[in-house]
2 protein chains.
Amino acid sequence: MANLSATEISWYYNRLNKCCCRLTKPRRAILDILDDTRKHLSAEQIYKETLKISSNAGLSTIYRNLELLVRIGLTWEFDAGDNKARYEIAKRPGESHHHHLICKKCNSIIDYSASVDNEKDFIKKREKNLSNKYNFKIENHSIDFFGLCYKCSKNK
Amino acid sequence: MANLSATEISWYYNRLNKCCCRLTKPRRAILDILDDTRKHLSAEQIYKETLKISSNAGLSTIYRNLELLVRIGLTWEFDAGDNKARYEIAKRPGESHHHHLICKKCNSIIDYSASVDNEKDFIKKREKNLSNKYNFKIENHSIDFFGLCYKCSKNK
DNA sequence: ATTAAAATGAGAATAATTCTCATTAACAAA
DNA sequence: TTTGTTAATGAGAATTATTCTCATTTTAAT
Ligand SMILES: [Mn+2]
Ligand SMILES: [Mn+2]
Ligand SMILES: [Zn+2]
Ligand SMILES: [Zn+2]
């Protein structure tokens with residue numbers, strides 16, 4: 001607990017402030033939890049984590065705030081194929097945007113950096129191209145590869 | 001109704017047969033419906049379509065079969081961000097694999113072909129690369145761009 | 001410290017999906 | 001074509017994830 005530095009807290013404070021939103025205890029807890037893990041947590045899991053660090057927050061508050069944090073771009077939401085939304089912190093300092101390898105069998109998730117092999121450049125070009133062609137204002141994207149992780153492809 | 005040709009039906013029959021699965025009336029109806037539309041339908045919507053073409057099927061049967069059809073690769077499932085699975089036919093003859101532009105506001109979906117700008121080549125290379133690096137057996141992928149469609153970015 | 005606006009939390013409500021199980025349909029073999 | 005085995009269906013109950021409601025509390029600017 002108390003993972004967020006003073007700098008981070010004030011950064012989040014300002015970010016929320018712009019939208020007339022307050023840096024409340026539950027919000028701090030959610031950001032704290034997401035910042036501290038490399039996992040892709042569901043709302044329920046985040047809820048349980050708040051209990052652990054005794055920054056207890058109601059489940060509906062968790063949902064409400066995840067929706068907000070996603071909307072203003074502080075966290076990312078995606079579906080690993082098991083019908084429940086998963087969340088992760090949007091950007092970590094010094095880390096570039098990433099994409100996912102998702103195991104269909106055990107639902108484990110591997111992050112891989114989008115910076116290698118100029119994937120980033122490719123996407124950027126693609127976005128411009130699609131944007132023009134379809135008059136579509138692209139704000140973000142997700143790239144997921146599905147299959148079998150090493151463990152799962154090994155045992156049967 | 002009765003959109004599937006005899007050829008298509010026997011193709012599906014064989015495809016299912018390999019898995020000891022039968023080409024039942026509800027399955028034919030689902031394939032028929034998905035083959036006939038360019039939309040990305042939810043289970044509920046497919047259910048309602050079966051009523052329209054009087055190939056009435058129970059909702060639980062729809063769910064069960066969509067799961068099967070996705071598993072054996074005849075249909076694709078994805079989430080447009082509104083917490084419900086959407087389905088579409090996997091491959092149409094003569095059409096290449098495609099990806100999506102999804103409007104965050106009205107949830108409309110635009111298909112775009114993956115063949116332009118050698119996106120396909122890029123992905124293929126990427127898959128090989130990731131596969132090696134992470135010992136991950138990639139079976140398929142999804143690429144979605146999120147943002148605002150023309151209509152939604154215009155009106156306010 | 002005051003105060004208005006924003007946010008919370010408990011739990012009810014809704015919506016999507018899965019499960020159960022008695023009945024029926026598919027289809028290979030005779 | 002009939003038959004037998006096995007897969008599949010359908011109705012509805014059960015489960016799960018998410019949203020909503022509203023009385024109470026917290027935030028943070030003044
Ligand atoms: Mn990730
Ligand atoms: Mn599509
Ligand atoms: Zn796995
Ligand atoms: Zn739109």
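A, B, ... follow the sequence lines: proteins, then strands. Residue 1 opens every chain.
- The interatomic distance linking A:Leu66 (CG) with D:dA17 (P) rounds to 14 Å, in whole Å.
- With respect to B:Glu67 and B:Arg71, a salt bridge is recorded, a charged nitrogen being found less than 4.0 Å from a carboxylate O.
- Within the nucleic acid shown, B:Asn56 comes within 4.0 Å of sugar-phosphate atoms alone, with no base atom in reach, counting heavy atoms only.
- Regarding B:Arg28, its CZ atom lies at a distance of 14 Å from the P atom of C:dA25, rounded to whole Å.
- Side-chain polar atoms of B:Asp144 and B:His99 form no donor-acceptor pair below 3.5 angstrom.
- The residue B:Asp79 sits apart from the nucleic acid: no heavy atom pair falls under 4.0 Å.
- The main-chain N or O of A:Thr61 is found under 3.5 Å from a side-chain atom of A:Asn65 such that the two form a donor-acceptor pair.
- Atom pair A:Asn17:CG and D:dA29:P shows a separation of 6 Å (rounding to whole Å applied).
- Under the 3.5 Å distance criterion, the side-chain polar atoms of A:Thr37 are left unmatched by any main-chain donor or acceptor of A:Leu34.
- Picking from D:dA7, D:dT19, D:dT27 the nucleotide with the shortest atom distance to the side chain of B:Asn83 gives D:dT19.
- Between the CZ atom of B:Arg64 and the P atom of D:dA11 there is a distance of 11 Å, given to the nearest Å.
- With distances taken from any side-chain atom of A:Arg22 to the nucleotides D:dA8, D:dT27, C:dT8, the minimum falls on D:dT27.
- Nearest-nucleotide positions on DNA chain D place B:Asn65 closer to the 5' end than the other of A:Asp82 and B:Asn65.
- Residue B:Tyr13 is classed as a sugar-phosphate contact, given heavy-atom separations below 4.0 Å to backbone atoms only.
- Checking C:dC27, C:dG9, D:dG10 against every side-chain atom of B:Pro26, the shortest atom distance belongs to D:dG10.
- A close approach under 4.0 Å does not occur between any side-chain nitrogen or oxygen of B:Ser60 and OP1 or OP2 of D:dT9.
- Put simply, B:Tyr63 has no side-chain N or O that comes within less than 4.0 Å of OP1 or OP2 on C:dT18.
- Heavy atoms only, all atoms of each residue included: A:Phe136 and A:Ser131 are closest at O-OG, 2.8 Å.
- For A:Lys25, taking side-chain heavy atoms from C-beta onward, the closest of the listed nucleotides D:dA28, D:dT27, C:dA16 is D:dT27.
- In this structure, B:Thr61 reaches the D:dG10 phosphate: one of its side-chain N or O atoms is under 4.0 Å from OP1 or OP2.
- For the pair A:Ile30 CD1 and C:dG9 P, the interatomic distance rounds to 10 Å; values are reported in whole Å.
- A close approach under 4.0 Å does occur between a side-chain nitrogen or oxygen of B:Thr24 and OP1 or OP2 of D:dT9.
- Note: CG (B:Leu23) to C1' (D:dT9) measures 15 Å, nearest angstrom.
- Within the nucleic acid shown, A:Arg27 comes within 4.0 Å of sugar-phosphate atoms alone, with no base atom in reach, counting heavy atoms only.
- Whole-Å rounding puts the A:Leu68 CG to D:dT19 P distance at 13 Å.
- A:Tyr87 places its OH atom 12 Å from the P atom of D:dA17, with the value rounded to the nearest Å.
- Counting only N and O atoms by type, the side chains of B:His97 and B:Asn140 include no donor and acceptor under 3.5 Å apart.
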